[in-house]
Amino acid sequence: MVHLTAEEKSLVSGLWGKVKVDEVGGEALGRLLVVYPWTQRFFDSFGDLSSPNAIMSNPKVKAHGKKVLNSFSDGLKNLDNLKGTFAKLSELHCDQLHVDPENFKLLGNVLVCVLARHFGKEFTPQVQGAFQKVVTGVANALAHKYH
Amino acid sequence: MLSTQERIQVAQVWDLIAGHEASFGAELLLRLFTVYPSTKSYFKHLGFCPDETQLLTHGQRMLEAVGVAVQHMDNLRAALSPLADLHAQVLRVDPSNFPLLIQCFQVVLASHLQGEFTVEMQAAWDKFLTGVAVVLTEKYR
């Protein structure tokens, strides 16, 4: 359960309405793969990940980033039931993809940095706080079905 | 170990911060305390709601130390030895808090530099600050 105040919920939806979900997803995933290169271990089939440029312009990275962020976006509509919303995805990440849940925290933090980059001063400490709560909630929900 | 390219990235970013240590540091601390309130447990001398002067003073001190680290990327251990002693013997900040500070640092950089905050800069600074954190906690036991 993620506990956002009414103000935090308003800050999150206010900002999210202005996010270009398709672009931000690709950028967040790309930055994850560059800043924490060991995360590339899950993406052997993605082709050229040999340099920051290659990663950031890789079409599979962009496509997958878009998919991930659209899913995250769904979560934002269901902040009161993140565990339910992400139950199936949690099972997938455990049983099929074998992703260490630590990676969800890393991606969440990178996403917060990307939002800060796009929104500048508008990304106040309060807005950051609200979004860090959300990404933590999503990461926990994705880890919930691990066994 | 930072590569030559990474050192250049670190220095380039520092050029943008130098001269503004107090305001960057204050914003860093404000974000840390807002986003991760448990970190305030290490700053009880600043009270529950530190005011701007306190944040500026302490923020400047912290960023000046980062500046020392930037000047001595080749030899962080020697340059940061007194600070490492301080953290081990007096401050004893649990090591789990350093990634929280680093995340807030990245957000300060990203929100100020925006279009100029390249992925290479983010990667180099994350690696650099993580290295600083390792040195600061190395003498803990």
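The sequence lines fix the lettering, A, B, ..., with proteins before strands; numbering per chain opens at 1.
In this structure, B:A110 and A:C113 approach most closely via the heavy-atom pair CB-O, 3.5 Å. For the residue pair B:Q103 and A:N109, the shortest heavy atom distance occurs at NE2-O, 3.1 Å.
Side-chain heavy atoms closer than 4.5 Å link hydrophobic residues (I, L, V, M, F, W, Y) into clusters, and following such links, possibly through other members, connects B:M73 to B:V135. Residues B:L136 and B:V134 are members of separate hydrophobic clusters, defined by side-chain heavy-atom contacts under 4.5 angstrom among Ile, Leu, Val, Met, Phe, Trp and Tyr. Hydrophobic clustering of Ile, Leu, Val, Met, Phe, Trp and Tyr side chains at less than 4.5 Å, counting indirect connections, keeps B:M1 apart from B:V70. Cluster annotation: B:V35 and A:V114 are assigned to distinct hydrophobic clusters (Ile/Leu/Val/Met/Phe/Trp/Tyr, side-chain heavy-atom contacts under 4.5 Å, transitive). Follow the hydrophobic side-chain contacts under 4.5 Å out from B:I8 and you never reach B:M121; the two are in separate clusters.
Heavy atoms of other residues, nucleotides or ligands lying less than 6.0 angstrom from NZ of B:K139 number more than 12. Around NZ of A:K66, the count of heavy atoms belonging to other residues, nucleotides or ligands within 6.0 Å does not exceed 12.
Of the two parts of B:E120, only the side chain, counted from C-beta on, holds a non-hydrogen atom closer than 4.5 Å to a non-hydrogen atom of chain A. Proximity to chain A is limited to the side chain of B:Y36, based on heavy atoms less than 4.5 angstrom apart.
By a heavy-atom distance cut of under 4.5 Å, A:R31, A:V34, A:V35, A:Y36, A:P52 are the residues of residues 30-55 of chain A near chain B, going up by number. Near-neighbour residues of residues 116-147 of chain A relative to chain B, defined by a heavy atom under 4.5 Å from a heavy atom of that chain, comprise A:A116, A:R117, A:H118, A:F119, A:G120, A:K121, A:F123, A:T124, A:P125, A:Q126, A:Q128, A:G129, A:Q132.
The candidate with the highest count of non-hydrogen atom pairs below 4.5 Å against chain A, out of B:T34, B:V119, B:T118, is B:V119.
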